[in-house]
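All values below come from the heavy atoms of this structure, side chains included, with hydrogens, waters and symmetry mates left out. In what follows, chains are A, B, ... by sequence order, proteins preceding strands, each numbered from 1.
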2 protein chains.
Amino acid sequence: MDIGNPRYKNQGIHVVCTLFTVRDGEVKVLLVQRSNKPYTDKWMLPSGAVYNDEDCETAMKREMIEKTGISGIYVEQFHTFSNPKRSPLMRMIAVGYIGIVNSENIKIKKKTEKTQNSEWFNLADVPCDLAYDHREILLEAIEIMKKRIMKTPIVRSLLPKYFTLPELQNVYEAILNKKFDRRNFRKKFLQLNLIENTGLMQDIKGHRPANLYKFIGTDEYDVDIF
Amino acid sequence: MDIGNPRYKNQGIHVVCTLFTVRDGEVKVLLVQRSNKPYTDKWMLPSGAVYNDEDCETAMKREMIEKTGISGIYVEQFHTFSNPKRSPLMRMIAVGYIGIVNSENIKIKKKTEKTQNSEWFNLADVPCDLAYDHREILLEAIEIMKKRIMKTPIVRSLLPKYFTLPELQNVYEAILNKKFDRRNFRKKFLQLNLIENTGLMQDIKGHRPANLYKFIGTDEYDVDIF
DNA sequence: GTATAATGTGTATGTAAGACACAAAGGTTC
DNA sequence: GAACCTTTGTGTCTTACATACACATTATAC
């Protein structure tokens, strides 16, 4: 192999993470605000270079810790973006990941070496002029997340360890932006055998408390609190 | 951005194509045999470097023409492989694509600048010691192809312009390695509204000829005959 | 104890999937 | 041309799943 061939010299590999959460019935995505050139002050999806001794998933998790302080997230690769003009600096492709977390107990870093701020944005409030091609990446991630939400364990990490069926239903309704019949939703989800009733009750005032459920099996996707 | 940082210097981007076909009721994959180091004489999936002025899909199609002479194929990205040790030469990630073609009328190049041979292999006959991590890539591609075969237009390119329903069923049976009931298969496929009866009849001797069908809509995935 | 606010439950209907057997078309053979 | 061979083409019944829909229950607040 002709490593120095100018046709494919100076290529770079980035990872980019679209991290979603649901709070107050709204789907939100985590963005960070740049402090450096290019795209100074623009918002972007958390992203960064892959080191030569890492695979992309490892790099993505390291970047998330460095730029946002969030660790232990479950992510899935969804698409690799390779438009040759996507970065003005150099030839850079981006391997895209999707993640979902329960943001209730997560404190995000606001300021880091390369970022001046970080925020959860409602999808409707995301600025149009994200850095690089991150708007395109985000739009594709939203579509794919909707498709996967019914098919992969991605939703586990959105809920606390114990949750009620109405809470679960609210999450699906927020993400898919549609309403479900309560009886049908419960019937369908329960027969999937993914969750079980703990026998515990929700601690709430003002109305009948709901049963608490938990996902059957692993707790491997628990999110560490930073 | 610190372009010269040794932590992410000298990275390379490859594309790799798992091109399937079905012939004589068997699923086959196209492999090429290397002539250069490393992995001299080993078989591999067609693959190559992405140039700095191309996106990955363009590079993949160019590589296929250069290494196999096959053009005009429809492909879908499926996964990016990034194990830091996957290439012994340098840090190299591979963006993986899946394609399917009707190989009946395709003549493949046998010898090129970097390859000494190319062949369609039955899946059971693929050598275990493919170059790089191509065995792993192939195994993942097979799984994903099986899932997508029912959901994307990928199967269009496997059949000639006009085909019979039994031919279509044979293709699905070969790929999924299971038998379908003829009546149920026809009922299901016809109600998808993807194909239409042309009114023409198959030209065959020895038994009742079948109706010829065609895919509704575009011919955009026609494969050029080289 | 009465009102309020949410949870929890069963049935009936429509739609898609899966199992299953025989007639029809064309060619070949005698 | 009659009988036979090979493959295509077709309908119904059963089962599972998706959808539509209304009322009783549990707790708190007043």
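Mapping A/Q202 and A/N184 onto DNA chain C by nearest heavy atom places A/Q202 at the nucleotide closer to the 5' end. For the pair A/M201 and B/R183, nearest-nucleotide mapping onto DNA chain D gives the more 5' position to B/R183. DNA chain D is contacted by both B/L165 and B/K187; B/L165 maps to the nucleotide lying nearer its 5′ end (nearest heavy atom per residue). For the pair A/T164 and B/H207, both in contact range of DNA chain C, the more 5′-proximal nearest nucleotide belongs to A/T164.
Close to C/dG8, at under 4.0 Å from its OP1 or OP2, lies a side-chain N or O of A/R186. Between A/Q191 and D/dA18 there is a side-chain N or O to OP1 or OP2 distance below 4.0 Å.
Look at CG on B/L190: it is 13 Å from P on C/dA17, rounded to the nearest Å. Rounded to a whole Å, the CZ atom of B/F185 is 16 Å from the C1' atom of C/dA16. Across the protein-nucleic acid pair, A/K188 atom NZ and C/dT15 atom C1' stand 14 Å apart, rounded to whole Å. Taking atom CG of A/D181 as the reference point, atom C1' of D/dC23 lies 13 Å away to the nearest angstrom. Spacing between atom CZ of B/F189 and atom P of D/dG9 amounts to 15 Å, rounded to whole angstrom units. Rounded to an integer number of Å, the gap from B/L168 CG to D/dT8 P is 13 Å. Going from atom NZ of A/K205 over to atom C1' of D/dT26 covers 14 Å, rounded to whole Å. For the pair B/D203 CG and D/dT7 P, the interatomic distance rounds to 17 Å; values are reported in whole Å.
Under the 4.5 Å side-chain criterion, counting only non-hydrogen atoms from C-beta, B/P160 is not in contact with B/K214. You'll find the side chain of B/L190 reaches within 4.5 Å of the side chain of B/Y213, heavy atoms only. Using a 4.5 Å heavy-atom cutoff, the side chains of A/V101 and A/L30 are not in contact.
Here A/K61 pairs with A/E57 in a salt bridge; the nearest charged N to carboxylate O distance falls below 4.0 Å.
Between the base of D/dT6 and the side chain of B/R208 there is no donor-acceptor pair shorter than 3.5 Å.
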